[in-house]
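Encoded as C-alpha cells, the structure appears first; notes follow it.
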Protein chains: 2
Amino acid sequence: MPTLQQMRYLAALAETLHFRRAAELAHVTQPTLSTQLRELELRLGVQLVERSRSRVILTPVGEEIARRARAVLRDVEEIRAVARFARQPLHGTMKVGVVQTLGSYLLPLIVPDLHRSHPELGFYVREGLPEALLGRLEQGGLELLFCALPVNRADLVATPLFHEPLMLVAPEEHPLARHEVVDASALKDQTILTLEPGHRMHDQIGDFCRDVGARISPDYEGTSLDTLRQMVAMGMGLSLLPALYVRSEVARERLVVARPLRAPAPARQIGMVWRKGSARAGEFSDLAGIIRDILRTRAPEISVPEDEAAA
Amino acid sequence: MPTLQQMRYLAALAETLHFRRAAELAHVTQPTLSTQLRELELRLGVQLVERSRSRVILTPVGEEIARRARAVLRDVEEIRAVARFARQPLHGTMKVGVVQTLGSYLLPLIVPDLHRSHPELGFYVREGLPEALLGRLEQGGLELLFCALPVNRADLVATPLFHEPLMLVAPEEHPLARHEVVDASALKDQTILTLEPGHRMHDQIGDFCRDVGARISPDYEGTSLDTLRQMVAMGMGLSLLPALYVRSEVARERLVVARPLRAPAPARQIGMVWRKGSARAGEFSDLAGIIRDILRTRAPEISVPEDEAAA
DNA sequence: TGTTTCAATAGATAGAATCTATCAGGAGGC
DNA sequence: GCCTCCTGATAGATTCTATCTATTGAAACA
C-alpha cells in the first residue's frame with residue numbers, strides 16, 4: 001500500500017521534475033526521496049518516473065497517479081482543517097434534542113443572542129418525547145438535550161438552567177381569572193386539561209391535581225402546549241402551563257388569561273443533559289453558563305441558578 | 001500528519017463501533033488499533049471517539065472525519081487500480097505522434113486489426129512535422145512516434161516497420177503513364193511537385209530529382225500528400241508519392257496513375273521511435289512486432305523486416 | 001459476589017523511514 | 001580531449017514507529 005509520504009514525494013517530483021529540488025521541497029534529503037519513490041513504484045508495480053541524468057520525465061501512469069496523489073493530499077489536508085476548526089470550543093454543529101414542551105419557546109428565546117455572541121455555533125435540533133430523546137442521547141444520535149430534570153441515568157450528567165413554575169391558564173370569563181394569584185385549593189373540583197402520557201408534565205400535573213382535588217379531564221389529552229391553550233380558550237377546562245410558554249404565547253392574546261399559583265406552586269426544573277464523558281462536556285458546561293446569562297437578561301422573572309459544576 | 005493506516009482504523013471503528021471487532025476488521029490486534037486511534041486524535045488535536053465501557057460513539061467531528069477518511073481510502077484504492085491496469089501491457093492509452101505524410105493512411109491501415117486484437121489499447125494521436133514531433137517525444141509530451149528513419153538522437157531508440165518505395169504519380173494522359181515500370185532516367189527535365197520544407201520527403205525528393213536531372217517545381221510546394229495528388233491531377237506536373245499512400249488514395253480514382261520506378265527506386269524507411277528508458281519500451285517493441293504482422297497481411301506488396309531488437 | 005467483557009497500558013521487537021557519505025555516469029567548459 | 005560539476009543511485013548506520021504479547025482496571029452481567 002502506498003503511503004501518504006510517498007505520494008507527497010511523487011507530487012513534489014511531478015512539480016520540480018528534479019530529484020534534489022523535489023527533496024528540498026519535501027524537506028528531506030535526496031536519497032530519501034529517491035528510495036521512497038522507488039519503493040512506491042515497487043508497491044504499485046509500475047514505473048512512474050523515467051530517470052536519466054539529463055532529464056526526469058513522469059510516465060503517463062506517473063502523471064495520472066501524481067494527479068490523483070495531489071487530490072488525496074488535498075483531501076487529507078482538508079481533514080486536518082476540519083479538525084483544526086472543530087478544536088475551537090463552541091464552533092461547529094451541535095446535535096441537540098429538545099422536549100416538545102420546551103421546543104416552541106426555549107430556543108427562540110436564547111438562540112438569537114447565542115448566535116450573536118457565537119456565530120460559528122450551529123444547532124441541529126430534534127424535538128420529541130423525553131424517553132425517546134434520552135435514548136437517542138445515550139446512543140449517540142444526539143449530543144445534548146434540553147429537558148426537565150431530574151434525569152436518573154448513570155451515564156448521563158445534567159445541569160439546571162432555570163426553575164419554571166406552572167401557571168394556571170383559564171378562559172377570560174372564568175371566575176378564577178379574577179384573582180391575581182390563585183391558591184391551589186381553589187382548583188378543587190375544577191377540570192384540568194393536560195398532555196398525553198409520555199410527557200413529564202402529564203405525570204406532574206396528574207399528581208398535583210390528585211393532591212388538590214382537581215379533576216383531570218378524561219376525554220381529552222393534548223399533544224402540545226398549543227392545543228391545550230386552544231382547548232382552554234374553547235372552554236373545555238383549565239390548564240397548567242409553563243411560565244415561559246405563557247410569556248411567549250399566552251400573553252399575546254386575549255382569549256385566555258394566566259395566573260400564578262400561590263407557593264408552593266407546581267414547577268419544573270429545566271436543564272441540559274449530556275453523556276458522561278462526552279468529548280464536548282466542557283463546552284456544554286460553558287454553554288449552560290452562557291444560556292443562564294441570556295435567560296437572566298431575557299426572562300428576568302424566571303429563577304436561574306448560579307453556575308455550578310455539572311452534577 | 002495522519003497516516004492512511006490511522007484512517008483505515010478510524011473507518012473500521014466507525015463501522016463496528018467496537019474496538020476489538022474493528023481491530024479484527026483491520027487485521028491488527030486491539031491495542032494496536034487503540035493506540036493508533038489515540039495517536040490520530042493527538043495529531044488532529046480533536047477527540048474523535050467517546051470511549052466508555054458500555055458504548056463507543058464517534059463524536060460529530062469523528063463522524064465527519066471518518067466520512068472523509070473513507071473517501072481518501074477509496075481514492076488511494078483507485079490509485080492502486082490505475083497502477084494495476086497500467087501494469088498490463090498494451091492496455092490503456094498511448095500518446096503517439098505521426099508525421100503528416102503518414103497520418104492519412106498508416107493508422108487507418110493498422111488500427112482496425114490492432115483494435116480487434118487489443119481492444120483495451122487506445123491511441124491519442126498528434127500529427128505534425130518530424131522535428132516538432134521529435135521534440136515533443138523527448139520532452140515527454142509523446143510516448144511513441146511513427147516517422148521515417150533514421151533518427152539520430154542519443155536518447156531515442158527506433159525500430160523499422162516497413163520499407164516504402166516512392167512511386168511516380170502522373171496524369172492519366174501523360175506519356176510516362178504508358179510504361180508499366182518507369183526508369184528514373186525518364187524523369188529527366190520533367191517537372192516534379194513536392195512538399196514544403198520540413199518534411200523528410202522534401203529533401204529526399206529534392207536529392208533524387210537533382211540526381212536524375214528532373215526539375216522541382218519552384219512555384220508550388222504541397223502541404224500534404226493529398227494536395228500534391230490533386231495538383232498532379234490538374235496537370236501541374238508529376239510527383240513521387242509513397243507506395244502505401246498510392247495504395248490507399250491514388251488507386252481509388254481514375255484521374256492520376258501511379259507507376260513504380262525501376263530499382264534503385266527512391267524509398268523511405270518507416271519506423272517507430274521512443275525514448276530510451278521509456279517505461280513502456282517493452283510494450284513498444286511488442287507493438288512493433290504486431291504492426292509488422294498486420295502490414296504483412298494487409299499490405300503484402302510492401303517489404304517488412306524481420307523482428308529484431310530495437311536499435 | 002464472582003465472572004466475563006471491554007478498552008487501556010506496559011514493555012519488547014521488528015520493520016521502516018530517514019540520515020550521512022559515497023559512487024557512477026553524463027554535460028558542459030576550457 | 002580532459003576535467004569539473006551536477007545528477008540520481010547506493011550503502012550502511014540510526015532513530016523512530018507501528019505492531020505484538022501480556023496484563024490491568026473498570027464496568028456489566030449473572
Side-chain angles (χ1 to χ4, degrees), chain A residues 1-10 12-44 47-59 62 138-140 153-157 275-279, chain B residues 1-43 47-59 62 138-140 153-157 275-279:
Chain A
M1 185 63 91
T3 70
L4 285 177
Q5 194 72 325
Q6 288 165 352
M7 295 190 204
R8 216 164 285 128
Y9 295 159
L10 178 62
L13 188 68
E15 186 141 331
T16 61
L17 292 179
H18 190 288
F19 276 73
R20 193 175 49 71
R21 280 196 285 277
E24 252 167 54
L25 198 65
H27 303 109
V28 289
T29 58
Q30 169 263 317
T32 298
L33 187 123
S34 281
T35 51
Q36 283 308 104
L37 276 179
R38 166 196 269 286
E39 176 66 25
L40 179 60
E41 287 181 326
L42 210 69
R43 290 187 190 182
L44 292 177
Q47 185 172 344
L48 303 171
V49 188
E50 254 176 56
R51 300 143 167 91
S52 88
R53 311 282 165 187
S54 51
R55 218 189 325 274
V56 168
I57 297 175
L58 291 196
T59 64
E138 283 178 323
Q139 299 304 316
R153 305 225 181 179
D155 49 356
L156 299 180
V157 281
R275 281 186 304 277
K276 196 179 286 180
S278 162
Chain B
M1 185 62 91
T3 70
L4 286 176
Q5 195 72 326
Q6 288 166 353
M7 295 190 204
R8 216 164 287 128
Y9 295 158
L10 178 61
L13 189 67
E15 186 141 332
T16 60
L17 292 179
H18 191 287
F19 277 74
R20 194 175 48 73
R21 279 195 287 277
E24 250 166 58
L25 199 64
H27 302 110
V28 289
T29 58
Q30 168 263 315
T32 297
L33 188 123
S34 280
T35 53
Q36 283 309 104
L37 276 179
R38 168 192 268 289
E39 175 67 25
L40 179 60
E41 286 181 327
L42 209 70
R43 291 187 189 182
Q47 186 171 344
L48 303 171
V49 188
E50 249 176 62
R51 298 147 170 88
S52 88
R53 309 285 163 186
S54 52
R55 221 186 319 276
V56 168
I57 297 174
L58 290 195
T59 64
E138 283 178 325
Q139 299 305 315
R153 305 228 181 176
D155 49 355
L156 299 180
V157 282
R275 282 185 303 278
K276 198 180 285 181
S278 161

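Note that the structure is a prediction, hence the values are computed from the model and not measured. Every chain is numbered from 1 and lettered A, B, ... according to where its sequence line falls, protein lines coming before strand lines.
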Ranking dT7(D), dT19(D), dG8(D) by distance to the side chain of Tyr9(B), first place goes to dT19(D)
Roughly how many Å is it from CZ in Arg21(B) to C1' in dA7(C), rounded to a whole number? 13 Å
Of the listed nucleotides dT18(C), dC20(D), dT19(D), the one nearest the side chain of Thr29(B): dC20(D)
Using a strict heavy-atom distance below 4.0 Å, which residues from residues 32-44 of chain A are in contact with DNA chain D? Ser34(A), Arg38(A)
Check this one for me: any side-chain N or O of Arg51(A) less than 4.0 Å away from OP1 or OP2 of dA9(D)? yes
Shortest non-hydrogen contact from Arg51(A) to Val49(A)? NH1-O, 3.2 Å
The reported gap from CD in Glu39(B) to OG1 in Thr3(B) (rounded to nearest 0.5 angstrom) is 8.5 Å
No-hydrogen, no-angle side-chain donor-acceptor test under 3.5 Å, Gln30(A) and Ser34(A): yes
Could you tell me which non-hydrogen atom of Asp155(A) sits nearest to which non-hydrogen atom of Glu138(A), and how far apart they are? OD1-OE2, 2.9 Å
Applying side chain to side chain contact (heavy atoms under 4.5 Å, CB included), name anything that partners Thr35(A), two or more places apart in sequence or on another chain. none
note: Phe19(A), atom CZ; dT10(D), atom P; distance rounded to Å ~ 11 Å
Is the number of heavy atoms from other residues, nucleotides or ligands within 6.0 Å of CZ (Arg38(B)) greater than 12? no
Round to a whole Å and report the spacing from CG of Leu4(B) to P of dT17(D). 17 Å
Taking only the side-chain heavy atoms of Thr3(B) (C-beta and beyond), determine which of dA18(D), dA22(D), dA7(C) contains the nearest atom. dA18(D)
Using side chain to side chain donor-acceptor pair (under 3.5 Å) as the criterion, list what pairs up with Thr59(B), not counting sequence neighbours. none
Using whole Å, report how far CZ of Arg55(B) lies from P of dA7(C). 13 Å
In whole Å, what is the span from the CG atom of Leu48(B) to the P atom of dA7(C)? 16 Å
Take atom CG of Leu17(B) and atom P of dC6(C), then tell me their distance rounded to the nearest Å. 14 Å
Arg20(A) CZ - dC5(D) C1' separation (whole Å): 11 Å
N or O in side chain of Gln30(A) less than 4.0 angstrom from dT10(D) OP1/OP2: no
Hey, does the side chain of Gln5(B) come within less than 4.0 Å of dT17(D)'s phosphate (OP1/OP2), counting only N and O? no
Is the shortest side-chain N/O distance from His18(B) to OP1 or OP2 of dA7(C) below 4.0 Å? yes
Can you tell me the distance, in whole Å, between the CD atom of Glu24(A) and the C1' atom of dG8(D)? 15 Å
